[in-house]
Amino acid sequence: MNEKMKALGNSPSKIREIFEYSRGRKSEIGEENVFDFSLGNPSIPAPDSVNNSIKSLIDNGDSVALHGYTSAQGDFSVRKALADSIKDRFSVDASPDDIYMTCGAAASLTITLKAICQPDDEVIVLSPFFPEYRVFIENAGAKINIVNTLPPDFTVDFSAFQNAISEKTVAVLINFPNNPTGAVLSAEDAQNFGDVLRKKSAEYSHPIYLISDEPYRELCYEGKAPFMPKYYENTIVDYSFSKSLSLPGERIGYIFVPSFVKDARDIYAAVCGAGRSMGYVCAPSLMQHALKNCFYDTADISSYNQNRVLFFNALSKMGYTVTKPGGAFYLFVKSPSGDSNEFCERAKRYEILMVPSDSFGIKGYARIAYCVKKETIEKSLPAFKALMEEYKK
Ligand code: PLP
């Protein structure tokens, strides 16, 4: 037996652990009495365009082809439509041969990392980060190298970042808009990434790839997120429709290896090989076809924005230290005691479920997923107030 895999299976992520606790608690005291902010599961419906597209394919399509295998990298006409939309939306050269359809961002990341890394290589991530990064990087045989960002806004510490890069660095994995902080990268910082990575790639005589994990790209409330291939040529985009189209259970996303990436054709071949070696076969066929006409669409995120403003203002007024998130659907709140686990455990007594920050690679905070009904937030506010009163005593 693979002891490493057994250990992984026996220690589910903290997020999943709290989610399971919430299910038990909801059955005990009723769903409406639990303020569950644990999971980043979209609460708004997928756009009509997606549902109509699925219906029309089922009603009018060739059901054998519809449910059949596509080519491993994805159906050609789907990749063509996607490449055209990337060209159109970001003014970046893109062709169907640069795109590999995946089962969501988790698959995009595991495949990209497996394609790029060799044993002993290092991948830099910025803390706080999505906890599964550690699992994905180690699964690719590489080592994770963590660089802290700068609170309270969780901006990139470019001096620490530059110092962390070594001969062993093959890739840098970033995620903006960010889970768990909601931070969005500025155009200036996007430029800084390009400058540093270009300089360091030259210094070590090998390309350092930037992997841009973008499940929250469209969830930006104040402006737009910079498209990283425009700022650094050796960028590989790992995308998912889980959040932007509210389709997390459908498992659909893609990898974009722009043609101007160093050794692009070899990297793309390695992506295909990595997908093959991990048995992905192809991304769900029905979803590939359904999204063919939806690449310009986004779910209506206005309710997330309302939740963001309501929650941020209310918690700030109560005395919590919260950074206003520019994107995604998370609030990152400082623990009034400085201890994230103590804070989240104490909150549980008020039926508030948040995720302690330690597994995101930083101590002293809690993550609140506000992709919930507005009423849940409104109902939870007296509980948050009472919790804060305890700390003020
Ligand atoms: N990356 C980040 C930053 C995430 O927050 C998530 C999911 O929450 C993923 C990747 C995985 O997304 P998917 O459901 O598309 O696999």
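Side chains included, hydrogens not; waters and symmetry mates left out as well; all remaining heavy atoms used. Start at 1 and go down the list; that is how both ligands and their atoms are numbered.
- Taking the six-membered ring where the residue is Trp, Phe129 and Tyr133 present parallel rings, their angle staying beneath 30° rather than reaching 60°.
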> Run the side chain to side chain donor-acceptor pair (under 3.5 Å) check on Asp98 and Ser259 step by step: do they pass?
Replying inline: CA-CA 7 Å; Asp98 307 333; Ser259 57; 4.6 Å; no
> Could you go step by step and tell me if Phe329 and Arg308 meet the side chain to side chain contact (heavy atoms under 4.5 Å, CB included) rule?
Replying inline: CA-CA 7 Å; Phe329 42 44; Arg308 175 182 80 114; over 6 Å; no
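- Residues Asp238 and Tyr254 bring no donor and acceptor atom of their side chains to less than 3.5 Å of each other.
- Below 30°, between 30° and 60°, or above 60°: for Phe154 and Tyr365 the angle between ring planes is above 60°, a perpendicular geometry.
- Using the six-membered ring where Trp is involved, Phe176 and Phe193 have ring planes that are tilted, between 30° and 60° apart.
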N or O contacts of ligand 1 with protein under 3.5 Å, please list pair by pair.
unit_1   : atom_1 : unit_2 : atom_2 : d
ligand 1 : 1 (N)  : Asp213 : OD2    : 2.6
ligand 1 : 5 (O)  : Asn179 : ND2    : 2.8
ligand 1 : 5 (O)  : Tyr216 : OH     : 2.7
ligand 1 : 8 (O)  : Tyr216 : OH     : 3.4
ligand 1 : 8 (O)  : Lys243 : NZ     : 2.9
ligand 1 : 14 (O) : Ser242 : OG     : 3.1
ligand 1 : 14 (O) : Arg251 : NH1    : 3.0
ligand 1 : 15 (O) : Ala105 : N      : 2.8
ligand 1 : 15 (O) : Ser240 : OG     : 2.5
ligand 1 : 15 (O) : Ser242 : OG     : 2.8
ligand 1 : 16 (O) : Ala105 : N      : 3.3
ligand 1 : 16 (O) : Ala106 : N      : 2.9
ligand 1 : 16 (O) : Arg251 : NH2    : 2.7

